[in-house]
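Below is one structure, written out as structure tokens; comments come after it.
Counting convention: from 1, in listed order, for ligands and their atoms alike. In this text the structure is predicted, and so the values were computed from the model without any measurement.
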Amino acid sequence: MKQYLTVADAPNWSYLLDRADFYRRNPHADAALGKHKTLLQLFYNPSLRTRLSTQIAGQRLGMDVITMDLTQGWSLEFEDRAIMDGNKAEHIREAAGVMSRFADIIGLRSFASLQDREADYSDFVINQFARHTQVPVLNLESATGHPLQALADALTIRQHQPDHRPKVVLSWAPHPRALPQAVANSFIQGMQRMDVDLVVTHPEGFDLNPDIVGNVEVEYDQNRALEQADFVYVKNWSSYQDYGATAPQLKSWTLTQEKMEQTNQGRFMHCLPVRRNVVVADEVIDSANSIVLDQAENRIYAAQAVLAELLM
Ligand code: CP
């Protein structure tokens, strides 16, 4: 694998999942695979899980890991042939060139602006890094995707696999802030490569990018969607059509224990961080059916699998 910018970069999802599952069972295997190799992580946005899990994954493979916190900003120039007489002190060409001399894999987190759909869906920043670096680039959540999360989510579903083809529901939930569509997009792309029945449910006006949803069943009635679900993945996303718009007032979409009663003893999933009693009721996330901590732990094994492939 040359890069991991989207779920589609994994030529064989099932193989990658097997590899992640291998690291789940053998977390300290391949401890020398990344010896004398360096992973550089760049974060334009805050992170707990992605930052730590990818660092742990790199270290378990024997890599040196360096993390740059860019949350206070880093004004790189991205335009070709720019006359750099403004406030941008460095061009992506040199920055990426230098980082390519220092590191063997470069991970990048750069969220959506939620101002300009076309710009966000070009995934400009991560694609500029991919264009100008000479080493593999790893998506630590970009404007439109979070493929490391998607692999961990798929691994978690496999870990709790029932003895039948599972029904997986991705449900929208309210949130006080406008959030990107990245997690939902990559989750759908991951599930499309799995043997599951996927249903996406959300209020009207919150349809995701049709190019990503494709033929996946969409149900606007959340209660109907939840019937007999084996897994319920709850996530807020802002509107794709009315780009960046939110609906925090739709509190009837909060996932409650009463709603979970309609499921097939459904497992509750969320990528975290989560707003308790806004996105999900305490009774659900604190129940025995909540697998959010498995999901978070599986971020390590997903990152190990991807890093191992990028190191090959
Ligand atoms: N799920 C996830 O990506 O968490 P962080 O934002 O803490 O990295």
Quick one: does Leu138's side chain get under 4.5 Å of Leu148's, heavy atoms only? yes
Any chance you could lay out the side chain to side chain contact (heavy atoms under 4.5 Å, CB included) test for Thr144 and Gln181, step after step, and finish with the verdict? CA-CA 6 Å; Thr144 65; Gln181 295 122 27; over 6 Å; no
Please step through side chain to side chain contact (heavy atoms under 4.5 Å, CB included) for the pair Ile157 and Tyr233, ending with a clear verdict. CA-CA 10 Å; Ile157 287 173; Tyr233 196 123; 5.9 Å; no
Which atoms of ligand 1 sit under 4.0 Å from any heavy atom of Arg299?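 So the atoms of ligand 1 that pass are 1 (N), 2 (C), 3 (O).
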Check each atom of ligand 1 against the heavy atoms of Cys271 and keep those under 4.0 Å away; list them by number with element.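 Every atom of ligand 1 under 4.0 Å from some heavy atom of Cys271: 1 (N).
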Please determine if [X] and [Y] form a salt bridge, counting it only when a charged side-chain N lies under 4.0 Å from a carboxylate O.
{"X": "Arg93", "Y": "Asp80", "answer": "yes"}
{"X": "Arg24", "Y": "Asp21", "answer": "yes"}
{"X": "Arg276", "Y": "Asp282", "answer": "yes"}
{"X": "Arg158", "Y": "Asp18", "answer": "yes"}

Polar atom proximity, [X] to ligand 1 (N or O, under 3.5 Å):
{"X": "Arg51", "value": "no"}
{"X": "Leu48", "value": "yes"}
{"X": "Leu272", "value": "yes"}
{"X": "Glu141", "value": "no"}

At under 4.0 Å between heavy atoms, what of Val183 touches ligand 1? The answer is neither
Ligand 1 versus Arg109: contacting region, heavy-atom distance under 4.0 Å: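 It is the side chain that touches ligand 1; the backbone stays farther off.
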Restricting to heavy atoms, the pick from His270, His146, Arg49 nearest atom 3 (O) of ligand 1 would be His146
